[in-house]
There are 2 protein chains.
Amino acid sequence: MEVLERKQRTREQTRQGIVFTAKDIARREGWQAVSIRKIADAIDYSAPIVYEYFDSKDILLHEIRAEGFRFLREEYNRIMKLYRDPEKRLYEISLIQWKFAFEQPETYQVMYNLNGAFCQVSICGTLDMEEMANLVRETIFSFIPKSKESIQKLYFEWWSISHGIITMSMILKDQQPIEQSEIIYRDTLRRFIRNLR
Amino acid sequence: MEVLERKQRTREQTRQGIVFTAKDIARREGWQAVSIRKIADAIDYSAPIVYEYFDSKDILLHEIRAEGFRFLREEYNRIMKLYRDPEKRLYEISLIQWKFAFEQPETYQVMYNLNGAFCQVSICGTLDMEEMANLVRETIFSFIPKSKESIQKLYFEWWSISHGIITMSMILKDQQPIEQSEIIYRDTLRRFIRNLR
DNA sequence: TCAATGAATTTAACACTGTTAACTACTATT
DNA sequence: AATAGTAGTTAACAGTGTTAAATTCATTGA
């Protein structure tokens with residue numbers, strides 16, 4: 001059965017090749033320039049082959065988005081294991097958010113349907129996202145035990161502030177250097193977390 | 001010369017018809033569904049006519065974006081005339097931001113390239129946006145006179161928080177009713193403004 | 001060894017997109 | 001009445017997502 005094994009491995013490889021190529025084109029030319037035929041060309045196949053791996057372009061984008069959330073969730077978990085102090089935890093999680101957005105901007109764009117990236121599938125509802133939400137909510141709760149609604153409110157606020165500064169930093173990156181935006185990001189989130197006490 | 005006058009008036013009307021139809025389709029079906037032919041059909045013309053008014057789809061989107069910023073700028077000005085207290089001014093401006101985003105979501109989406117809306121033209125650089133930035137910066141300055149850099153930083157923060165909560169409210173509107181999101185918005189911005197003192 | 005099966009891959013097509021050139025129909029002027 | 005100019009159309013090009021049909025090719029069975 002090693003033939004089947006090898007077959008599956010190369011199948012997994014071309015699958016990853018499709019995902020990689022899509023992100024690669026998006027990074028270089030923007031998501032509006034990503035087309036099935038371009039992807040197929042890059043991996044030396046014809047267009048219909050892509051549909052052997054992803055039922056539609058939308059599902060391909062959804063997969064890339066899901067990978068993004070999965071990656072972030074693992075980073076969240078890593079941080080939770082690394083630190084015990086809730087403040088430190090939330091701050092490090094905030095920093096990871098920034099790091100991720102600027103190291104993998106194409107993925108971040110698909111996750112939030114930004115800048116030409118557009119995936120019809122609802123952004124919410126993935127298990128990874130719910131797990132991330134729980135981690136952050138628990139962290140907030142652990143140093144200010146309040147009602148469920150209050151915690152949810154603070155979580156929503158935290159997420160909005162983080163996402164807001166990240167997206168505005170991307171939009172204004174030509175008028176305001178990202179180094180400066182990053183300082184403001186750290187500053188604002190540090191203050192937000194401090195005020196939770 | 002009244003013939004020319006009438007001609008120009010109807011020309012202006014079809015121009016507005018194009019803009020209106022584009023926004024109308026976007027509102028109903030999303031920006032990804034907006035096509036030149038659909039717009040042309042709706043105004044009972046053939047597709048090339050649209051190009052008599054806008055050199056490209058991108059420029060049409062740019063125009064809609066510019067209109068959005070122009071509208072907001074006028075609202076900013078109205079508020080500046082209506083109130084004298086800097087805190088009140090900034091708070092009302094914040095509220096207008098929210099109101100605009102949810103009353104004209106298609107326009108807001110084009111302005112920030114959200115959810116399938118994509119206009120290549122740089123978001124920044126319009127006169128209206130610079131004017132709005134100045135109004136907000138002056139308002140912030142008028143009750144905490146600090147260095148130019150500090151004011152810019154606070155302005156950036158304010159904009160990010162506002163935009164962040166608005167976009168997250170749109171994304172999460174199925175899991176969290178917008179009424180509740182609006183409360184959090186008001187709350188957070190009130191706190192932000194209070195902490196400026 | 002040859003035929004047949006099955007899978008892997010491609011070609012061709014459909015309906016759509018933005019965009020432009022060529023064409024038609026009509027109106028106003030000389 | 002002939003001409004010029006304009007308003008609007010059709011037709012086309014290259015590209016898009018997507019699917020069905022056709023093709024190629026290796027493997028199996030007799």
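Lettering follows sequence order; numbering is per chain, from 1. These numbers come from the heavy atoms of this one structure, side chains and all, not from hydrogens, waters or symmetry mates.
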Distance, rounded to the nearest Å, where [X] contributes [atom1] and [N] contributes [atom2]:
| X | N | atom1 | atom2 | result |
| --- | --- | --- | --- | --- |
| B/I43 | D/dA7 | CD1 | P | 15 Å |
| A/K57 | C/dT17 | NZ | P | 15 Å |
| B/D58 | C/dG18 | CG | P | 12 Å |
| B/R11 | D/dA7 | CZ | C1' | 11 Å |
| B/I18 | C/dG18 | CD1 | P | 13 Å |
| A/I36 | C/dT17 | CD1 | C1' | 15 Å |
| B/E52 | C/dA21 | CD | P | 13 Å |
| B/Q32 | D/dG17 | CD | P | 14 Å |

Assign A/V50 to base, sugar-phosphate, or nothing according to its heavy-atom contacts below 4.0 angstrom with the strands shown.
-> nothing
With no hydrogens and no angle check, do the side chains of B/S162 and B/W98 hold a donor and an acceptor under 3.5 Å apart?
-> no
For C/dT17, does OP1 or OP2 lie under 4.0 Å from any side-chain N or O of B/S35?
-> yes
Distance check: side-chain N/O of B/Y45 vs OP1/OP2 of D/dG8, anything under 4.0 Å?
->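 Looking at the OP1 and OP2 atoms of D/dG8, one of them is under 4.0 Å from a side-chain N or O of B/Y45.
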Counting only side-chain heavy atoms from C-beta out, which of [options] sits nearest to [X]?
| X | options | value |
| --- | --- | --- |
| A/Y51 | C/dT9, D/dT9, D/dT19 | D/dT19 |
| A/P48 | C/dG18, D/dA11, C/dT10 | C/dT10 |
| B/S46 | D/dT10, C/dT10, D/dT18 | D/dT10 |

A/E157 bridged to B/R191 by N-O distance under 4.0 Å |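 Judged by the 4.0 Å cut-off on N to carboxylate O distance, A/E157 and B/R191 do form a salt bridge.
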Should B/E74 and B/R70 count as an ion pair when the cut-off is N to O under 4.0 Å?
->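 The answer is no: the pair does not qualify as a salt bridge.
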So do the side chains of B/I79 and B/I96 get within less than 4.5 Å of each other, counting heavy atoms only?
->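 B/I79 vs B/I96: side chains touch.
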Cationic tip of A/R197 above A/F143 ring, under 6.0 Å, 45° of axis = no
Between the base of C/dG18 and the side chain of B/R37, is there any donor-acceptor pair under 3.5 Å?
->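 Side chain to base: pair found, below 3.5 Å.
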